[in-house]
Amino acid sequence: MYRSTRNGISSEAPAGSYGSSLDDGQNMTEAGRDPYRIVVESLNEGAVITAPDGTILFASPRFAELAGSDPTALIGAPFELSVRPEDRGLSRALLHDGLTDRTRCAVRLGSEDREPVPVCLSAGPCAPGASAGVSIVVTEPSRQGQTADLLEDLHLVRAALDLAADPIVVLAPDGRVRQANRAARELAGRDPVRLHLEEAFPLDSTSCPGPAGDSALPRNGPFDGLLASIAAGEGLRYRTSDGRGRTLRMEAAPVKADDGSTGYMAIRLIDDSARELEEHRLRQALEDAANAHRDLQQFAYAASHDLQEPIRMVASYLQLLQRRYRDRLDDDAQEFIGFAVDGANRMQQQINGLLRYSRVTSRGKPPRRVEAGEALAEALARLRQRLADTGAEITTGPLPAVMADPVQLAEVFENLIDNALTFRSESSPRIRVEGIREGDMVRFSVRDNGIGIDPEFHDRIFQMFQRLHAREAYPGMGIGLAVVQRIVDRHGGRCWVESAGGEGSTFFFTIPFAPVEVEGS
Amino acid sequence: MPHSPSTSSAMCGSRGEPQLGSSDGECGLPREILLVEDSQGDIRLIREALREIGGDHVLHVVNDGVEALAYLRRKGIYAAAPRPDLILLDLNLPRKNGREVLSEIKADERLRAIPVVVLTISTAEEDIMTAYRLRANCYVIKPVNLDQFFRVVQSIERYWLSRECSPEGAPYGA
């Protein structure tokens, strides 16, 4: 027989007796039933009594209805099994706190295969002393208007938090986790609710610098450290000691409780392991790149010495042969020697081209403020003879200052103008150079009246050793524009060509604009 | 490309130090040239170039840096070697490279007056700067083209071994 008193269940009663007395109760006649029980069973609220370990001792038919279960099946089962898995941490916390205090929380009831039933649980001790059970009143919020809305909102907020990629927990003033989203549950490998933060996410005490990076976290957990770090406006970084060596970064903010107190703390735990791995990979890649760069430098040096020497020997002795034995060689022999010398010369030029190309990065200087006009003047000075020979006319528009390696900027102008002179049309070359500021960049253009380039080839011309014309028609190694591209790339700009073919070409490239220098700096 | 080999550049610094002039190489005597070079192909080319230029030259050849210094200091088999009027020095040499040879020559009071022409394939700026820092009198990049190569050797010969014996013109005027 269920003997409930005003003070709850007598603490001496053996736990098993509730179950058997309830069975008895179901067999009783209406008139003989416990009046408390009649009241409890007639309420719209569900009622549950659990043992200290959370085993259900009594469940009202209304609760069974809400939980979608049979009242008899509930007896002896853990209360949390009636709660949806994602809310079980909350219900455990409720039962724990309910042993000593009256406490409330909102959870969803029901098994996985049916619609969850949001309810409000109000729990309290059946009798003073933690060894007594817990009585729980289960209110269905849909019958309560405003409360229902609040609970609905709560569930929506929880669902939204579950979508967050970063683990988020709320710490109660005692340093225990009160709320945890899905990512936090996954990070902890279990439901961290009710656990101390450092239990849920074990700290590696040897590597958990505080906000100033000076001291380990206090022994009683990171809570004090967090408070300090929040005061300092910083997060806290530490490593977990779960053997996986994860690095977690914590960012925390105080949360106001219902009564306005700020004992709660919302904490975002950011798993930095992936980022650290990425950083490690990046460092490795940089190291590899540095090695590759060194190899290239060595290659460049080898190319400039060891490869050129044999080519020079081939060319020189063929020429010596031609020079000394001209009279004794027939036309064919002369021609063969000519081809051989030409081949050696081209190989020499190609090696020099590769060297020029590789030196764009190996010899490049950090960008500084350069007057584009000065770089152009330098380029024109170097092309003086070619300009005179071709009778070229150069006009300029605005040429703003840019952030560039001055030597390389001059090399870009030199290559583009040289290109315009090489691919001239019948009429004498007219070339216009100007730079228009566009946001953070200056867009330079070198426009000519040459033979133009078929749009089909606009991308190819910037590739190494790409030529569109027979060497006999237009000289060149196909290196100049590749060097231009590499220099412009190095400056964070881009280059392209516009030409309709037969109507001249305009080469464009962009270089970062240099703001006006502050006087005296 | 200021130092392009295709434009056979001979970048010459000060023309010796006449005030420290030696009695060697007076008018009428053959000019002594020490060539420090390990490439047989280059040795022969220089010999051919000098032959085409004509004139009274004696070309002494050593194949590495150690030999070069032994020659200049008249050590061992070089005890009777004549003092050169000009040294043509390759940079990449076995045993002791051209840079070391150059720095030892210029550190030696008895040798530093001899003009040294660095004759090399290297267009690397650091090699050029190093050579001048070590007080090479001239840095010449060996051209690929034979005609240019012959012209370079010719201009070196004219510039450094001028037959004119006027006080202004002669690098080693008495």
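Just so you know, these numbers use all the heavy atoms, side chains as well, and skip hydrogens, waters and symmetry mates. Just so it is clear: chains get the letters A, B, ... in the order the sequence lines come, proteins before strands, and each one is counted from 1.
Proximity to chain A (any heavy atom under 4.5 Å) is restricted, for B:E52, to the side chain, taken from C-beta onward.
B:G41 and A:M313 get closest at one heavy-atom pair: CA-SD, 3.4 Å. Taking all atoms of both residues into account, the shortest heavy-atom contact from B:Q40 to A:Y317 is O-OH, 4.3 Å.
A:R323 contributes atom CZ, which lies 5.0 Å from atom CZ of B:F150 (distance to the nearest 0.5 angstrom). The distance from atom OG of A:S316 to atom CD of B:E48, rounded to the nearest 0.5 Å, is 12.0 Å.
Residue B:R110 places its CZ atom among 12 or fewer non-hydrogen atoms of other residues, nucleotides or ligands, all under 6.0 Å distant. Surrounding CZ of A:R447 are at most 12 heavy atoms belonging to other residues, nucleotides or ligands under 6.0 Å away. Other residues, nucleotides and ligands place more than 12 heavy atoms under 6.0 Å from the CG atom of A:D332. A:R430 CZ: 12 or fewer foreign heavy atoms inside a 6.0 Å radius.
Side-chain contact between A:L320 and B:R44 is absent, with no heavy-atom pair separated by less than 4.5 Å. Here the side chains of A:Q322 and B:L146 are not in contact, with every heavy-atom distance at 4.5 Å or above.
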